[in-house]
Amino acid sequence: MRNADRVTAVLLLAFSVAFAAGALKHYKWWGDDGPGPAFLPFWLGLLMTALALALLAKNLRRKDPGEAWLPRGEGLRHMLVVLGASVAFVALLKVTGMVLGTALFLAGLLRYLGRHRWWVCAAVAAGAAGCNWLVFAHWLRLPLPEGLLWIF
């Protein structure tokens, strides 16, 4: 696991630096009325860089090899379920729409992986999908993908 963490840290570090540099290269840092479109991506890139450096430093200091990189048994099954659900979510986005798709995705994962009661899954999924709509569609006025039922 230690080698996988090192590789992940180096890849995250390279991506983070490129992300922050790309924000400054392609977008304006500051405008007449305040922060420009590069402001948030640049700071997120710096935060990701710091986290990647912390992960790399932690793993360079470790002596034990750690666990196996690829999970086995139930861990592998959980990983494949999340991967499959994510692929299905993206593939069905034009059918379900963003809000309904998010709710179904979360409810399914909470029920299958977390083994929570249906009412808990429904409440968490509805709350998260509602917050998703509230922030992106209502406040930021970003168009979310609509499904066949014209639900955002």
Side-chain angles (χ1 to χ4, degrees), residues 1 4-60 69-71 74-152:
M1 186 67 156
D5 284 344
R6 287 180 182 172
V7 170
T8 302
V10 169
L11 290 175
L12 181 60
L13 181 62
F15 173 76
S16 302
V17 169
F19 187 79
L24 292 178
K25 180 179 178 183
H26 298 292
Y27 300 105
K28 193 174 182 181
W29 167 259
W30 201 269
D32 295 335
D33 55 348
F39 187 82
L40 183 61
F42 172 74
W43 287 108
L44 287 175
L46 284 184
L47 177 63
M48 290 188 312
T49 300
L51 292 173
L53 286 171
L55 179 63
L56 185 60
K58 175 185 170 188
N59 281 288
L60 289 175
W69 181 73
L70 187 63
E74 189 175 10
L76 178 61
R77 185 173 54 85
H78 287 180
M79 184 181 75
L80 292 175
V81 165
V82 171
L83 181 63
S86 299
V87 168
F89 170 70
V90 172
L92 295 173
L93 198 56
K94 290 188 178 187
V95 175
T96 61
M98 186 66 172
V99 175
L100 181 61
T102 300
L104 292 173
F105 174 77
L106 291 174
L109 286 181
L110 286 171
R111 180 67 180 165
Y112 184 76
L113 296 177
R115 309 233 188 265
H116 296 287
R117 296 181 182 183
W118 277 111
W119 69 269
V120 172
C121 298
V124 169
C131 287
N132 192 9
W133 175 85
L134 184 65
V135 169
F136 294 106
H138 183 68
W139 286 340
L140 298 175
R141 304 218 187 277
L142 295 173
L144 295 178
E146 292 182 1
L148 294 179
L149 302 174
W150 295 279
I151 299 174
F152 299 103

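All values below were derived from every heavy atom in this structure, side-chain atoms included, with hydrogens, water molecules and symmetry-related copies excluded.
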*May I ask you to test the T49-L12 pair for a side-chain heavy-atom distance under 4.5 Å?*
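Side chain of T49 against side chain of L12, heavy atoms only: no contact under 4.5 Å found.
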_Can you confirm whether P41 sits close enough to F19 that some side-chain heavy atom of one is under 4.5 Å from a side-chain heavy atom of the other?_
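In contact.
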For [X], I'd like to know if atom [atom1] has over 12 heavy atoms of other residues, nucleotides or ligands within 6.0 Å.
| X | atom1 | result |
| --- | --- | --- |
| F89 | CZ | yes |
| W43 | CH2 | no |
| R117 | CZ | no |

So, for [X] and [Y], which heavy atoms are closest and what is the spacing to 0.1 Å?
| X | Y | value |
| --- | --- | --- |
| L93 | P145 | CD2-CG, 3.9 Å |
| G101 | T96 | CA-OG1, 3.4 Å |
| G45 | S16 | O-CB, 3.6 Å |
| L113 | V82 | CD1-CG2, 3.5 Å |
| L144 | A137 | CD1-CB, 3.9 Å |
| A129 | V99 | CB-O, 3.4 Å |

*So, the side chain of R111 versus the backbone of C121: is there a donor-acceptor pair under 3.5 Å, distance only?*
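Side chain of R111 to backbone of C121: no pair is present.
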*asked:* Once you measure the plane-to-plane angle for F39 and W29, does it fall in the parallel (<30°), tilted (30-60°) or perpendicular (>60°) bin?
replied: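 Geometry flag for W29 against F39: tilted rings.
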How long is the gap from [atom1] on [X] to [atom2] on [Y], to the nearest 0.5 Å?
| X | Y | atom1 | atom2 | result |
| --- | --- | --- | --- | --- |
| L56 | L51 | CG | CG | 12.5 Å |
| F15 | M48 | CZ | CE | 5.0 Å |
| L53 | L13 | CG | CG | 5.0 Å |
| L100 | L92 | CG | CG | 10.5 Å |

